[in-house]
There are 2 protein chains.
Amino acid sequence: MSYGVTMSRATASARPPGRPRSGVNAVVFAATLRTVHELGYARATVDRIAAAAGVAKTTIYRRWPSKGELVVDCLLDAFGPVPLEGTGRAELMASAIRWIAAKISEPGVGDAFAGVFSDAVSDPALREVLAARLQEPYRVALHEALGEPDGRVLFFIDVVVGTLLHRLGMTGEPMVDADVAELVEMVVPHFGGDTGTG
Amino acid sequence: MSYGVTMSRATASARPPGRPRSGVNAVVFAATLRTVHELGYARATVDRIAAAAGVAKTTIYRRWPSKGELVVDCLLDAFGPVPLEGTGRAELMASAIRWIAAKISEPGVGDAFAGVFSDAVSDPALREVLAARLQEPYRVALHEALGEPDGRVLFFIDVVVGTLLHRLGMTGEPMVDADVAELVEMVVPHFGGDTGTG
DNA sequence: TTGGTATCGATACCTGAGGTAGCGAAACTA
DNA sequence: TAGTTTCGCTACCTCAGGTATCGATACCAA
């Protein structure tokens, strides 16, 4: 579930007073992806998501300040941490590219990603949330794993994610494996990873 | 102005009856880019664009069926044809990349592009318009100039445009020249163009 | 058991934006 | 002068994001 996870009430004053929140976050996330998958981002209204989750709309707005932040949390939950388990630089980058391509191909995930990204273009507040909560953790992880300077990592993310989202947005379909493979063959050598020649 | 341009009334029956349309398309395009630049895509409402152009909102909807199609026509007008004048393949691709990067950097153009792209994600009708009217001409031109198969040209467009839009969407600023240069250095060799190493 | 607090579902509502309908006036042709 | 189409204008419809309020409920503490 990615965030907070109560710290087993050890740190701060035991537990806040009042009726505790029911554990429906996961249900709401699932309903969000399902609704976005079935209706597209724009028609996946908060009313419909709430109905699909069997929850009142006000409950959603009590937990997330906007539809955009709900979707960002939903994507955080759907993505999870990057698997960075390759032995060499090349394998590491290639597996990261294939991982994000596969995630974006999952039903609802790519649409939700493209949709919230779109909203963020003309909503600076949401853009900061998107950059800080969704992009930053992966940027840090890649920075440490690859040893590349920040600017290069951001460029790497722009190329990989930008390409995948542009394909999805233009065609309505996620990028096929052959093209993902070509993306790997283009990007990895540029970043100094051997792709099989030594 | 890119489209139609009356054919000097030689072809079809002289001229349609009724009051002729006033030549305000260019004014509306300019007002669209200016408004999008100042307020962002979402807050650039059709009301505001009409006001900025000194035109009634109904006049705009008489000429374009939706805000999305207005913006697509506006972008067609702003982009114009690709300059494909390089001597070799490498120069040709590099100049095309620098050209679209520069266009997206122009005030309002990048925001309008990202905005309409965003709308298209959850609007299949607009997506077809975008693909057919905006992407297709450049795909054909690149296909003929480079001799690459369609799939490769579409991949080329996904990488270049996707990267530029992702950078703009995430940071709010267009890509700087140094990163555009790195994009060229990554893409051109992959497509078999020499970049200076014989 | 009683009081305090915060969440729950439900309903009603506000705002803003895309888009449409209908009007009289204006600009052109025949 | 009659016919046709665009013009600006105003009023309106629909839908989506987001807010306010209310009684009911679940928990804690005294």
Side-chain angles (χ1 to χ4, degrees), chain A residues 4 6 9 12-25 27-28 31-32 35-36 39-74 112 115-116 118-123 125-126 129, chain B residues 6 9 12-25 27-28 31-32 35-36 39-72 74 112 115-116 118-123 125-126 129:
Chain A
T6 72
R9 83 189 59 169
S13 57
R15 165 202 242 158
R19 175 176 178 173
R21 290 189 165 172
S22 57
V24 292
N25 278 12
V27 177
V28 174
T32 300
T35 308
V36 168
L39 304 177
Y41 185 79
R43 294 181 56 200
T45 68
V46 177
D47 284 275
R48 275 191 257 255
I49 292 171
V55 152
K57 181 187 177 185
T58 44
T59 296
I60 290 189
Y61 277 105
R62 213 172 279 118
R63 297 175 184 219
W64 295 276
S66 69
K67 178 183 176 181
E69 299 215 27
L70 162 64
V71 175
V72 168
D73 264 7
C74 181
V116 75
S118 304
D119 278 2
V121 170
S122 40
D123 182 345
L126 181 57
V129 171
Chain B
T6 70
R9 83 190 58 169
S13 57
R15 165 203 240 153
R19 175 176 177 172
R21 290 189 164 173
S22 57
V24 293
N25 277 13
V27 177
V28 173
T32 301
T35 308
V36 168
L39 304 176
Y41 185 78
R43 295 181 54 201
T45 68
V46 178
D47 284 276
R48 276 191 257 254
I49 292 172
V55 153
K57 183 186 176 186
T58 43
T59 297
I60 290 189
Y61 277 105
R62 215 171 276 120
R63 297 177 184 216
W64 295 278
S66 69
K67 178 184 176 181
E69 299 216 28
L70 162 63
V71 175
V72 168
C74 181
V116 74
S118 305
D119 278 3
V121 169
S122 40
D123 181 346
L126 180 58
V129 171

Residue whose nearest DNA chain C nucleotide is more 5′ - Arg21(A) or Pro17(B): Arg21(A)

Any Arg63(B) side-chain N or O less than 4.0 Å from OP1/OP2 of dC7(D): yes

Atom-to-atom span, CG of Asp47(A) to C1' of dG9(C) - whole angstrom: 14 Å

Whole-Å gap separating P (dG17(D)) and CD (Glu69(A)): 15 Å

Note, Arg63(A) side chain near Val24(A) side chain (heavy atom, < 4.5 Å): yes

Distance in Å, Leu70(B) CG paired with Thr32(B) OG1, rounded so as to fall on 0.5 Å steps: 4.0 Å

Length of the CD1-P vector between Ile49(B) and dA17(C), whole Å: 11 Å

Comparing Val55(B) and Gly18(B) on DNA chain D - which has the more 5′ nearest nucleotide: Gly18(B)

Nearest listed nucleotide, side chain of Val46(A), among dG17(D), dG8(D), dT20(C): dG17(D)

Euclidean distance, atom CG of residue Leu70(A) to atom P of dA16(D) [Å, nearest integer]: 16 Å

Integer-rounded Å distance: dC14(C) C1' and Tyr61(A) OH: 13 Å

Under 3.5 Å donor-acceptor pair, Arg19(B) side-chain atoms to dT4(D) base atoms: no

Distance below 4.0 Å between Arg15(A) side-chain N/O and dC28(D) OP1 or OP2: yes

Student check: side-chain heavy atoms of Val27(B) and Val55(B) closer than 4.5 Å: no

Whole-Å gap separating P (dA16(D)) and NZ (Lys67(A)): 9 Å

Validation row: Glu69(A), Asp73(A) side chains within 4.5 angstrom (heavy atoms): no

Ile60(B) CD1 to dT20(C) C1', straight-line distance once rounded to whole Å: 15 Å

Any side-chain heavy-atom pair of Trp64(B) and Val71(B) under 4.5 Å: no

Per Arg48(A) side chain, nearest of listed nucleotides dG18(D), dG19(C), dA16(D): dA16(D)

Arg62(A) side-chain N/O to dA6(C) phosphate OP1/OP2 under 4.0 Å: no

Side-chain-base donor-acceptor pair under 3.5 Å for Thr58(B) and dC9(D): yes

Any donor-acceptor N/O pair under 3.5 Å between dG8(D) base and Lys57(B) side chain: no

d(CZ, Arg43(A); P, dG17(D)) in whole Å: 13 Å

